[in-house]
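Here the structure is laid out as C-alpha cells; the discussion comes afterwards.
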Amino acid sequence: MSSYVLSFETSCDDTSVALMDRQRKVLWCQAANQDTRHKIFGGVVPEIASRAHTETILPLVDLLFQEMQITWDDIFGIAVTTRPGLIGSLMVGLMTAKTLAMAKKKPFVSVNHIEAHLLAPWLWDDKHVVNPQFQFPYLALAVSGGHSHYFHVKSWGDYELLGHTLDDAAGEAFDKFAKMVGLGFPGGVQVDSAAQKGNPKAYNFPRSMIHEDNAMLSFSGLKSSALRLLSTMTKDDIEKNLNDLCASFQEAIVDTLISKLDWLHKKFPTKSVVITGGVSANSRLRSRAQDWADKRKLILQIPPLRYCTDNAAMVAAAGLWRLEQGINDNFSVAASASSLDVDFSLRVQR
Ligand code: KG4
Ligand code: ZN
C-alpha cells in the first residue's frame, strides 16, 4: 500500500519539500532558504523568490527520493500550499505538484499556509514527540513575517479566526525595526539576540489596542513610534543603546501578543495552547508564554523551530486528513495571494 504524503511549500522565500507517513511522522523535510539572495535588497524580492523556487524544487524532490530510497509507488498523495503568499512563488509549488500528480496519477490537495502552521504541533519525528496530553480544541497564535492571527482550532479542518493584525505582522515589525537600527535581514533573530543583553524597560514603546476588548492587533503605531524616537538619536546613540532599544521594542510586541492571548483564553479556556510561525522562535516570547501557561497549568505547544518556520511537513499534515477522506482537488485549482472565504470562519470576540 502506498504509504506517504509528498508535500511542497513555496509561499514566500523558502523552498521546502517533505515526506510524511500516515501517522504524521515526518520522514524527510528540507527547506532551502533564500536569505542570501534577498539580503542585499533588505527584504524578499518576489521575482527573485519565484526564480529561486524554480531552480530548487525539483533537485529537492530528487534528493528526497534518493535519500529515502522510495519510488512513486510509495506515494499516495501530494499536498501543496496554494494560499496565501506571493503569487509567483505559490505558482511554482502548485505547478510542480499538479504536474507530478498528473504524470504519476496521484491525488493532490491544495492547502492554506496558515492552516498548515496551525497543524504544525502535530508533527513528530525521530528527534521530537508530541506531548501525549496535547489535544483539540486549542487556541493558536500563528505569528510570522506574513501573519499574526489568533485561532480557535477545534479539530482537523475546523478553525475559527478570532483576531488578527490590522496592519503589519509581528515578524514584519521586527524586520522593519531591525532595518531602522542598522541590523541585517532577516532582522527578527538579530533583534532577539541584541535584546538578550538589553533592558526591556529602557524605552517606552506603545502597546497598541492592548486595552481594547477584542483580539485585534496593530503594529504600525509601534513602528512609527520607533521611527520618531530613532530620528531624535544620532547613529552613535543608536549603536550605544542598541541592546536596550531592541529589548524595549521586543517587549512591546511580546506584551501585546501575550495580553491578547490571555484575553482570548478567558473566553476560550482550552487546555492546550499553541504558538507557531517564525516569530515563535523569539526567546522572550517563548519564556513569557511558558510562564503564562505554567501559571494556568496549560499545555503550551511550540513546535520545534524547524516546524515553526515555513516548511513542507506542516503542509503534509494539512493535506493528510484531506487525502484520507478521499479528497482529490481539481487540476483547475489556482494559487491565491490571500486566504479564501471558505478557509476560516471569522469570529471576532467583543
Ligand atoms: O514563518 P516564517 O519563517 O516565514 C513567514 O511566513 O513569514 O517567519 C519569518 C519571520 C521573519 O519576520 C523573522 O524576522 C521572524 O519570523 N523571526 C523572528 C525570530 N526568528 C525569526 N522574530 C523575532 N525573534 C526571532 N528569534
Ligand atoms: Zn508562514
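Atoms within a ligand are numbered from 1 in the order they appear, just like the ligands themselves.
In terms of heavy atoms, Ser218 sits closest to Met209 at CB-SD, 3.6 Å. In this structure, Ala293 and Leu300 approach most closely via the heavy-atom pair CB-CB, 3.8 Å.
Of all the atoms in ligand 1, the ones that sit under 4.0 Å from a non-hydrogen atom of Gly146 are 7 (O). Every atom of ligand 1 is numbered from 1 in the order shown, and the set under 4.0 Å from a heavy atom of Gly171 is 12 (O). Atoms of ligand 1 lying under 4.0 Å from any heavy atom of Thr309, numbered from 1 in the order shown and given with element: 1 (O), 3 (O).
Between the Zn ion (ligand 2) and the N, O or S atoms of Asp310, the shortest distance is to OD1. The closest approach of His117 to the Zn ion (ligand 2), by N/O/S atoms, is made by NE2.
Of all protein heavy atoms, the one closest to atom 1 (O) of ligand 1 is Gly278 N, 3.0 Å. Counting only heavy atoms of the protein, atom 26 (N) of ligand 1 lies nearest to Asp192 OD2, 2.9 Å. Taking atom 10 (C) of ligand 1 as the reference point, the nearest protein heavy-atom neighbour is Gly145 N, 3.4 Å. For atom 24 (N) of ligand 1, the nearest protein heavy atom (residue, atom name, distance) is Asn282 ND2, 3.0 Å. Scanning all protein heavy atoms for the shortest distance to atom 18 (C) of ligand 1 gives Gly188 CA, 3.7 Å. When hydrogens are left out, the protein atom nearest atom 4 (O) of ligand 1 is Asp310 OD2, 3.3 Å; that is the closest non-hydrogen contact. The shortest contact between atom 13 (C) of ligand 1 and any protein heavy atom is with Asp175 OD1, 3.7 Å.
The aromatic rings of Phe174 and Phe249 sit perpendicular to each other, their planes meeting at more than 60°, with 30° as the lower class boundary. Ring-plane geometry between His265 and Trp292 is classed as perpendicular, the angle between the planes exceeding 60 degrees on a 0 to 90 degree scale with a lower cut at 30. The aromatic rings of Phe344 and Phe151 sit tilted, their planes meeting at an angle between 30° and 60°.
Side chains of Asn330 and Ser332: a donor-acceptor N/O pair is present below 3.5 angstrom, by distance only. Ser11 and His113 share a donor-acceptor pair across their side chains, judged by distance under 3.5 Å alone.
Counting only non-hydrogen atoms, the option in Asn311, Leu285, Val279 that gets closest to atom 15 (C) of ligand 1 is Val279.
Residues Ile75 and Leu94 share a single hydrophobic cluster, defined by chaining ILVMFWY side chains whose heavy atoms lie under 4.5 Å apart.
Between the CE atom in Met20 and the CG atom in Leu320 there is a gap of 6.5 Å [rounded to 0.5 Å].
With a cut-off of 2.8 Å, the Zn ion (ligand 2) has an N, O or S atom of His113 in range.
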